[in-house]
Chemist: 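The structure follows.
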4 protein chains.
Amino acid sequence: MAVRVHSAEDRRRQILDAAVRAFARRGYEACRVGEIATEAGVAYGLVYHYFHSKEEILETIFRDTWNLMLEAIEAVEALEEPADVQLRKVIAIVLRTWKVNPDLVRVLVREVTRTPHLQSEVTEIQQAFDALERIVARGQEQGVFGRELEAKLVGWSLYGALEELLTGWVMGQLPGTDDDVLRAERSLFALFTRGLAARA
Amino acid sequence: MAVRVHSAEDRRRQILDAAVRAFARRGYEACRVGEIATEAGVAYGLVYHYFHSKEEILETIFRDTWNLMLEAIEAVEALEEPADVQLRKVIAIVLRTWKVNPDLVRVLVREVTRTPHLQSEVTEIQQAFDALERIVARGQEQGVFGRELEAKLVGWSLYGALEELLTGWVMGQLPGTDDDVLRAERSLFALFTRGLAARA
Amino acid sequence: MAVRVHSAEDRRRQILDAAVRAFARRGYEACRVGEIATEAGVAYGLVYHYFHSKEEILETIFRDTWNLMLEAIEAVEALEEPADVQLRKVIAIVLRTWKVNPDLVRVLVREVTRTPHLQSEVTEIQQAFDALERIVARGQEQGVFGRELEAKLVGWSLYGALEELLTGWVMGQLPGTDDDVLRAERSLFALFTRGLAARA
Amino acid sequence: MAVRVHSAEDRRRQILDAAVRAFARRGYEACRVGEIATEAGVAYGLVYHYFHSKEEILETIFRDTWNLMLEAIEAVEALEEPADVQLRKVIAIVLRTWKVNPDLVRVLVREVTRTPHLQSEVTEIQQAFDALERIVARGQEQGVFGRELEAKLVGWSLYGALEELLTGWVMGQLPGTDDDVLRAERSLFALFTRGLAARA
DNA sequence: GATGAATGAGATTTCATTCAT
DNA sequence: AATGAATGAAATCTCATTCAT
C-alpha cells in the first residue's frame with residue numbers, strides 16, 4: 001500500500017498556488033496552461049482533472065482569497081472604533097498581505113479588475129470599494145473626517161493608491177522591506193487624513 | 001505631383017485610431033486583426049503594411065500617448081508656478097484625457113499590464129512617476145507642501161488614484177459626466193493637499 | 001506499465017516518413033503542413049507537437065539522412081581496403097539509396113538548394129565531400145590512383161555526377177530500374193578510374 | 001525635353017540582371033519580388049510593368065541565356081574536330097562562363113533543373129545533355145573514346161560534375177581564381193578521358 | 001512610364017481542451 | 001488519480017499581384 005503523499009485537497013492547492021505564481025509572472029491571458037502544470041510540478045492533464053478550465057482556476061483563486069480580505073475588512077468595521085483608526089487598520093491589512101503573498105496580491109489587484117472573464121466577481125470587488133466608502137462616510141458622520149470630499153471618490157482613490165504601491169513592490173520598482181511597508185502604512189494614512197499641505 | 005487622398009501618416013493614424021476603438025471594445029487579446037482592418041475600413045493586409053504585428057500596434061499606441069502626456073506634464077513643470085498649482089494642473093491633464101478620448105484611456109488602463117515585456121514602455125511610465133515625484137519634492141522645497149511625507153510614495157499613490165478613477169469611468173462603475181470629471185479634479189487635489197481630516 | 005501502441009519515437013518517424021512522401025510528391029514549398037498530417041494519418045496539430053515548424057521537418061530529414069550516409073561512408077573507410085574498392089563501395093551506397101527510398105532521394109536532391117541558410121546542413125554535406133576527397137587522396141598515396149589530379153576536384157566532380165544521376169532518376173529523365181542502377185555503378189566507377197580514353 | 005536615360009529595353013535588362021543576382025542569392029522560391037525591385041533600384045510596381053509574373057522573369061532569364069550556351073556548344077560540334085577536342089572545348093565554355101557571370105550560371109544550373117515551374121524548358125536543358133551525349137558517342141564512333149561506357153551516362157555525369165564545380169565556386173567553397181578555372185578545365189578533361197587509375 | 005499603397009487568399013502556427021492508457 | 005499525446009478551430013502573418021495616381 002503506497003503512502004498517500006498528497007490528498008486531493010493538497011493537489012488542488014498545489015495547482016492553485018502554482019497558478020498564482022504563473023498568473024502573477026505573465027498575466028492571465030499570456031499564461032499557458034502548461035506553465036501552470038510545470039510550475040506545480042504536475043502533469044499537464046492533471047490541471048484539467050482538478051479544474052474545468054483555465055478560467056475556473058482564476059475564479060477559484062479570486063473567490064478563495066478575496067473573501068478572506070473582505071472578512072478582515074468587515075471585522076475591522078465591526079469593532080466600531082473611530083473611522084480613522086479603521087482606515088489605518090484597513091491600510092495595514094491590505095499592505096501587509098503583500099508581505100505574506102505578493103504574487104497573490106498581484107493577481108487579485110491587477111487581473112481581477114481588468115479582465116472581462118470575471119464579470120460575475122465584480123460584485124465582490126465592489127464590496128471592497130463599498131467598505132472603504134463606508135468607512136470614510138462613517139468618519140464624516142462621526143466628525144472625524146471633513147464633509148468636503150465625496151466618500152466614493154476617496155474610496156476609489158485609496159484603493160488605487162494601495163494597488164499602485166503593491167504593484168511597485170511586486171514589480172520590484174519600489175523597495176519593499178518590512179520597514180518600507182510599515183512606513184508606507186503610516187505615510188498613506190497621513191496622506192489621506194492630513195494631506196500634503198504645509199501646517200501652519 | 002498628384003493629390004494624395006491619404007498620406008502615409010494619415011493611413012497610419014487611421015489604423016491606429018481604429019485599433020484604439022477595437023481594443024477598447026474587446027480587449028487586446030480578444031481583438032482580431034481583421035476587426036482593426038474593418039474598423040479602419042481598409043484591407044486586412046494593409047494593417048501589416050504599416051505595422052509589423054498586432055503587438056507593435058499596441059506598443060505604438062502606448063508610446064505615442066505617453067509621450068504626449070509626458071510633454072504636457074513637462075510643459076506644466078516648465079511654467080515654474082507653485083507646486084500646488086502644478087499638481088492641480090497635472091491632475092486635470094490626466095483626468096480630462098478621459099473626456100477627450102475615453103477609448104484610448106480604456107486601452108491604456110486595461111492593457112498596461114499586458115505589456116510588461118515591452119520594457120521600453122516602462123521608461124515612459126517611469127518618467128510620469130518621476131514628474132509627479134519632482135513636483136511634490138519641489139513643493140516641499142518651496143514650503144507649499146509639508147516635509148513629513150516621502151515624495152516618491154506620494155507620487156505613486158497619486159498615480160494609482162488617477163488610474164483607478166479612470167478605470168472606474170472606463171468600466172462604467174463610476175459616473176463620468178463632464179461635471180463628474182471636474183468635481184473629481186477638485187476633490188483629488190483637495191484630498192492630496194488637505195487630506196480628509198476635519199478642520200478645526 | 002501500459003502497452004503503448006506508438007512510442008514518441010515511432011510517432012516522430014511516422015510524421016517524418018509522411019513528410020518525405022509529401023515533400024517528394026509536391027515539393028517542399030508547395031507541400032502544406034496539413035498534407036503531411038493527412039499523409040501520416042494524424043491530426044494537424046500533432047505535427048507541431050513533434051516539430052517546431054515545417055522547416056524543422058525538412059532539416060531533420062536532411063540531417064538524419066546525411067548522418068546515415070556519412071556513417072555508411074565512414075564504415076567503408078574503416079575497412080582499410082584499397083582506395084579503388086572503397087570508391088566503388090561508396091558509389092554503390094549512394095546510388096542504391098535511390099532503390100531503397102526514392103522519395104527520400106527526391107527530396108534530398110530537389111530541396112538541397114532550398115536550405116542554404118541552414119548552414120548547419122552544410123557541415124554534413126561538407127563531410128561527405130571530405131570523405132570522397134580522402135579516399136581519392138589515400139588511393140594516390142597507395143599508388144592505386146595517379147597523382148596527376150587534385151583529390152579535391154575529383155571529389156567534387158564525383159559528388160556532382162552522383163547527384164545528377166540521382167536527379168535524372170528522380171525526375172524520370174533517366175531509366176532507373178534495378179539493372180540501370182547496377183550498370184550505373186559499374187560505369188561511374190569505370191569512368192572515374194579508367195576514363196573515357198580508348199585503350200591501346 | 002528630358003534626356004531618355006533608359007530605353008524600355010534597358011529597363012527590362014536592368015530588372016533581369018537584378019533578378020539574376022537576387023535569385024542567385026536566395027533561390028527563386030525564397031526570393032521576393034520586392035528584392036528584385038530593390039536590387040534593380042526601381043519601384044516595386046515597375047517589375048510588373050515589364051513582366052507579367054515572377055515566374056516569367058525566371059523563364060526569360062532561362063530562355064535568353066541558355067540558348068546562347070547551346071549555340072556555343074553546337075558551334076563546337078559544327079567544327080568537326082575530334083571528339084576529345086570538342087569535349088575539352090565544351091568544358092571550357094561552360095566553366096569559363098562562370099568567370100563572366102557566376103550568378104547567371106548559378107541560376108541556370110540550380111533552379112532550372114529543380115523547379116517544376118520550367119517543365120516547358122526541359123526541352124532546352126535536354127538539348128545540352130544530348131549535345132554532351134552526342135559528343136561522347138561520336139568519340140566512340142571515331143575510336144577516340146572506348147565503347148565500354150554508355151554515352152548517356154557519361155553525358156549526365158559530366159553535366160553533374162560541371163554543375164558541382166560551378167556551385168562550389170559560386171558558393172565560395174572552392175577557390176575560383178582564373179588560374180583555378182584553367183586548372184579545373186584541364187583536370188576535368190583528364191578525369192573524363194584518362195580516369196584516376198595509376199599509369200603503368 | 002513610374003510609383004508604391006492596397007488587396008486578400010491562403011499559408012503557418014498556437015493552444016485550450018479532450019481522452020486513451 | 002495521473003499522464004502527456006492528440007485534436008482542430010481559430011488566430012496571425014505573408015506576399016504575389018493589382019491598380020489608382
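Chain letters run A, B, ... following the sequence lines, proteins first, then strands; residues in each count from 1.
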Chemist: Which ranges of DNA chain F pair up as stems, where a stem means three or more consecutive Watson-Crick or G-U pairs with both distances under 3.5 Å?
Modeler: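 Only these stems qualify: E:2-21 with F:2-21.
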
Chemist: Rounded to the Å, how far apart are C:Y50 OH and E:dC15 P?
Modeler: 19 Å

Chemist: In this structure, how many angstroms lie between the P atom of F:dT18 and the CZ atom of D:F51, rounded?
Modeler: 16 Å

Chemist: Identify, with sequence neighbours excluded, every residue that meets side chain to side chain donor-acceptor pair (under 3.5 Å) alongside A:N101.
Modeler: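 So A:N101 forms no side chain to side chain donor-acceptor pair (under 3.5 Å) with any residue.
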
Chemist: Rounding to an integer number of Å, can you tell me how far C:Q14 CD sits from F:dA5 P?
Modeler: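 Roughly 14 Å, once rounded to whole Å.
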
Chemist: With sequence neighbours left out, write down each residue that passes side chain to side chain contact (heavy atoms under 4.5 Å, CB included) with D:S53, or none if nothing qualifies.
Modeler: D:E55, D:E56

Chemist: Under the side chain to side chain donor-acceptor pair (under 3.5 Å) rule, collect the residues that match up with D:N67, sequence neighbours excluded.
Modeler: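 D:N67: no side chain to side chain donor-acceptor pair (under 3.5 Å) contacts found.
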
Chemist: Between P on F:dC13 and CD on B:E35, what's the gap in Å once rounded to a whole number?
Modeler: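 My rounded result for the distance is 15 Å.
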
Chemist: Got a sec, which residues hit side chain to side chain donor-acceptor pair (under 3.5 Å) with D:E39, two or more places apart in sequence or on another chain?
Modeler: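 Checked D:E39 against side chain to side chain donor-acceptor pair (under 3.5 Å); matches are D:R21, D:R25.
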
Chemist: Who pairs with A:V105 by side chain to side chain contact (heavy atoms under 4.5 Å, CB included), at least two apart in sequence or on another chain?
Modeler: A:T97, A:V109, A:L166

Chemist: Under the side chain to side chain donor-acceptor pair (under 3.5 Å) rule, collect the residues that match up with D:T167, sequence neighbours excluded.
Modeler: D:R110

Chemist: Can a donor-acceptor pair be found, under 3.5 Å and without considering hydrogens, that links the side chain of A:E35 to the backbone of A:R32?
Modeler: yes

Chemist: Calculate the interatomic distance between C:D10 atom CG and F:dA5 atom P; express it in whole Å.
Modeler: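 Roughly 13 Å, once rounded to whole Å.
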
Chemist: Going by side chain to side chain contact (heavy atoms under 4.5 Å, CB included), name the residues that satisfy it together with A:R12, two or more places apart in sequence or in a different chain.
Modeler: A:E9, A:Y50, A:F51, A:T60

Chemist: What string of B, S and - do you get for nucleotides 7-14 of chain E, 5' to 3', when a contact is any protein heavy atom under 4.0 Å?
Modeler: BB--SBBB

Chemist: Can you measure A:L58 atom CG to E:dA16 atom C1' for me and round it to whole angstrom units?
Modeler: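 Distance check: A:L58 CG to E:dA16 C1' gives 15 Å.
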
